[in-house]
Amino acid sequence: MCATTATRRAVLEERSTMTLNDQQEQRLAKLRSLREQGIDPYPPRCTRTHSAAEAIERFRRIEASLGDEPDPEAISVVGRVVAIRDLGRIIFSHIRDGSGAIQLYLRRDLLGDERFAWFKRFVDLNDFVEAQGNLFRTRTGEISVQVTGFRLLSKALNPPPDKWHGLSDVETRYRQRYVDLLANDETRRIFVVRANLVRALRRYLDERGFLEVETPTLQPLYGGAAARPFTTYYHALDQTFYLRISDELYLKRLLVGGYDRVYEMCKDFRNEGIDARHSPEFTMLEFYAAYCDYLDVMQMCEEMVVHAAEQSLGTLLIPWGEHTIDLTPPWRRLTLRDALIEHTGIDFLEVNDQAELYARARALGADVLPTTVWPRILDELLKTFVRPRLIQPTFVYDYPVELSPLAKRKPEDPRLVERFQLFIGGLELANAYTELNDPLDQLARFLEQARDRELGDEEAMPIDEDYVNALMYGMPPTGGFGIGIDRLAMLFTNQQNIREVILFPQLRVKPEPTGLAEDLAPYLDLAAAPDQVSGAAPSIDNDVGGS
RNA sequence: GGGCCGGUAGCUCAACUGGCAGAGCAGCGGACUUUUAAUCCGCGGGUUGUGGGUUCGAUUCCCACCCGGCCUACCA
């Protein structure tokens, strides 16, 4: 006992500064009172006849036949209490469920003094309640439920954020996304749009004969992109594994296997910097279509994104910061060569000398080093001078081979590959090629990557001999495509930071413990006790339509 | 990694040149029978991110650290 007390005291002294605030203590006191009344603050079931939206829809439908009388049929709605306006002998309250909000109208003379007072005493913002009553329209015109009975469904111990400003602290919004979601309509909207977008993309591919597949997240060898991987250890196999940076090489193995069209939407992981457009853990959709080339894929890309916008937004005009993006096809197409000529005056097919390209890039103010290799300088020029200006949808195509070790060369110019990228709103959204299916050329490219790797390029791809072996069995001519789902969601929701479209973005863990467990320890007796859980009769006070 | 900015009540924010740490919302008590950020009266609520330093006195100035944001670098 003494030892326990001493231990607890030590823990208390070590822990951080958190203590329960007055509002939490207030609500815990109410919870205690509920238990003392024999009321379960967290009953397992509820009764709902209508969602908030359905209730409002019902009243609109029958309103004309009612005259000024309330709907004679009683309904039951449920939801979180998001507003309480206490006017003395009447109370207005709004509850919200997943469909929307509906107003409750509580009258003392209808509910009875006791139940009416109980609502005032024990129902707080954030609680979930169930309410029975009759639909009617208030004097100010809002469809509401005239409440004849109510019941607590879930007692909230934390108050909501500011009812007017919501929660705006970015760190708290990311760390406690549940609070952000319950407080901010816009945050909820973003993830609905994202879900609708994803559904539309899947439907587009499903309807065109694509097979959705799943390939390994844990890979013995990473590939398909240039990036540092996250490394882990697989104890059962006693081997190092990597979280995938891409699923590309697995999906193309499936084309060797005989599937004509496959796709996968999955998380990829790249152990690199975090900024407004990059998350180390992000979602990518890749598809591969046999007997197609990159121009076919370009067409499909345009159709697919248009389809997704129509399905999830209902429009092709998208607000984006100061701009309005028009997704109406056809989208602009220009070669990388023309794009660079247009924005930098450099024709990379003419300037094929490393030193000269470096000098030209520096003259433009590009941040490149004398050691930056020719293709990387081009990439830098693209990022710095071209991409930010590509606000309206633009396909940039035909890239130098050195930047694209998995793409097929153009027959008419082997310095280039059949590759395109899609830019919208200054975002690099998608990347695609006519896939390289020549096993010997693929091996040569891998070997070139291996040389870069030895020269210190940590992101150069490792040689994947099994993939070369797969190609030796024959891969059909294929068009492949990858699109960043998070970035597409940013575009569709007009969000400039990728973390705004990721539900739980990673942040550095706060070093101190919060102390919450210690603070709540004295209240653990308020948790459901066995005798209250098993077979206890429902309380009269808290019963439906009680009093 | 570098630069700049920020962290104050549950939430949103003030606090001048270093001088009693405040407001609105939320909470608690009271009034009010059609409100919509209801209104009105009253009350409580703070380790000013953490740790040092300077000072009679620090939210304020200095140093270090923690967490976050923006820019930059890195990053196909």
Side-chain angles (χ1 to χ4, degrees), chain A residues 16-27 29-30 82-94 101 103-111 116 120-121 124-126 136-142 144 146 156-176 179-180 182-184 224-228 245-246 270-280 282 336 367 369 375-376 378-380 382-383 387 396 399-400 402-407 419 421 428 430-431 433 457-461 482 484 496-497 499 505 507-512:
Chain A
S16 78
T17 63
M18 177 163 179
T19 51
L20 296 179
N21 64 54
D22 56 339
Q23 304 200 45
Q24 291 171 320
E25 295 200 349
Q26 202 61 245
R27 285 163 182 251
K30 291 179 184 181
V82 294
I84 299 174
R85 291 179 293 280
D86 179 354
L87 276 70
R89 293 192 180 83
I90 60 172
I91 299 170
F92 292 96
S93 175
H94 274 95
Q103 183 168 258
L104 303 183
Y105 174 65
L106 299 93
R107 295 172 55 139
R108 191 169 74 174
D109 55 7
L110 263 172
L111 264 173
F116 191 78
K120 285 195 191 192
R121 180 76 193 89
D124 291 313
L125 296 179
N126 267 356
F136 78 114
R137 203 180 272 277
T138 62
R139 202 173 288 171
T140 51
E142 179 162 353
S144 307
Q146 184 169 274
L157 299 179
N158 280 325
D162 190 283
K163 71 177 171 188
W164 192 240
H165 303 96
L167 177 68
S168 61
D169 180 74
V170 174
E171 186 176 353
T172 310
R173 289 184 46 238
Y174 293 161
R175 287 191 194 278
Q176 302 180 45
V179 186
D180 185 27
L182 77 86
N184 297 322
R228 276 175 58 191
I245 59 173
S246 165
R270 298 184 184 176
N271 205 342
E272 289 167 353
I274 302 174
D275 65 29
R277 296 187 186 82
H278 295 85
S279 170
F282 64 102
L336 177 62
D367 193 5
L369 301 169
R376 296 274 174 217
L378 288 184
D379 202 39
E380 183 64 29
L382 174 63
K383 281 185 204 165
R387 187 182 68 195
V396 175
Y399 284 64
E402 292 89 341
L403 282 172
S404 318
L406 302 169
R419 171 183 177 188
Q421 290 190 303
E428 180 190 320
N431 188 23
Y433 356 102
D457 185 352
E458 274 188 69
E459 301 193 332
M461 290 182 199
Q496 311 294 318
N497 194 309
R499 276 174 286 198
L507 296 181
R508 198 184 292 272
V509 174
K510 291 254 193 182
E512 328 88 38

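Because the structure is a prediction, the values reported are computed rather than measured. All values below come from the heavy atoms of this structure, side chains included, with hydrogens, waters and symmetry mates left out. Protein chains get the first letters and strands the later ones, always in sequence-line order, with residue 1 at the start of each.
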Checking base pairs now: Watson-Crick or wobble, both atom distances under 3.5 Å. What partners [N]?
N: B:rA38; answer: none
N: B:rA23; answer: B:rU12
N: B:rU55; answer: none

Closest approach to the side chain of [X], judged atom by atom: which nucleotide of [options] is it?
X: A:His94; options: B:rU36, B:rU35, B:rA76; value: B:rU36
X: A:Thr140; options: B:rU36, B:rA76, B:rU33; value: B:rU36
X: A:Leu167; options: B:rG68, B:rG69, B:rU12; value: B:rU12

Applying a 4.0 Å non-hydrogen cut-off, can you work out what [X] is touching in the nucleic acid: base, sugar-phosphate, or nothing?
X: A:Arg137; answer: nothing
X: A:Tyr399; answer: nothing
X: A:Leu125; answer: sugar-phosphate
X: A:Gln26; answer: sugar-phosphate
X: A:Arg508; answer: sugar-phosphate
X: A:Leu507; answer: sugar-phosphate

Under 4.0 Å between a side-chain N/O of [X] and OP1 or OP2 of [N], yes or no?
X: A:Ser168; N: B:rU12; value: yes
X: A:Arg108; N: B:rU34; value: no
X: A:Arg85; N: B:rA38; value: yes

**Message:** Under 3.5 Å, is there any donor-acceptor pair linking the side chain of A:Glu142 to the base of B:rU34?
**Reply:** no

**Between B:rU72 and B:rA9 - P atom distance, rounded Å** = 32 Å

**Prompt:** Can you find a heavy atom in the side chain of A:Ile84 that is under 4.5 Å from one in the side chain of A:Leu125?
**Reply:** yes

**Prompt:** Got a sec, which residues hit side-chain contact (heavy atoms from CB on, under 4.5 Å) with A:Arg85, two or more places apart in sequence or on another chain?
**Reply:** A:Ala83, A:Leu87, A:Phe92, A:His94, A:Gln103

**Request:** Applying salt bridge (charged side-chain N to carboxylate O under 4.0 Å, His left out), run through A:Asp109 and A:Arg107 and close with a yes or a no.
**Result:** CA-CA 5 Å; A:Asp109 55 7; A:Arg107 295 172 55 139; 2.8 Å; yes

**Message:** If the threshold is 4.0 Å, N to carboxylate O, is there a salt bridge linking A:Asp379 and A:Lys383?
**Reply:** yes

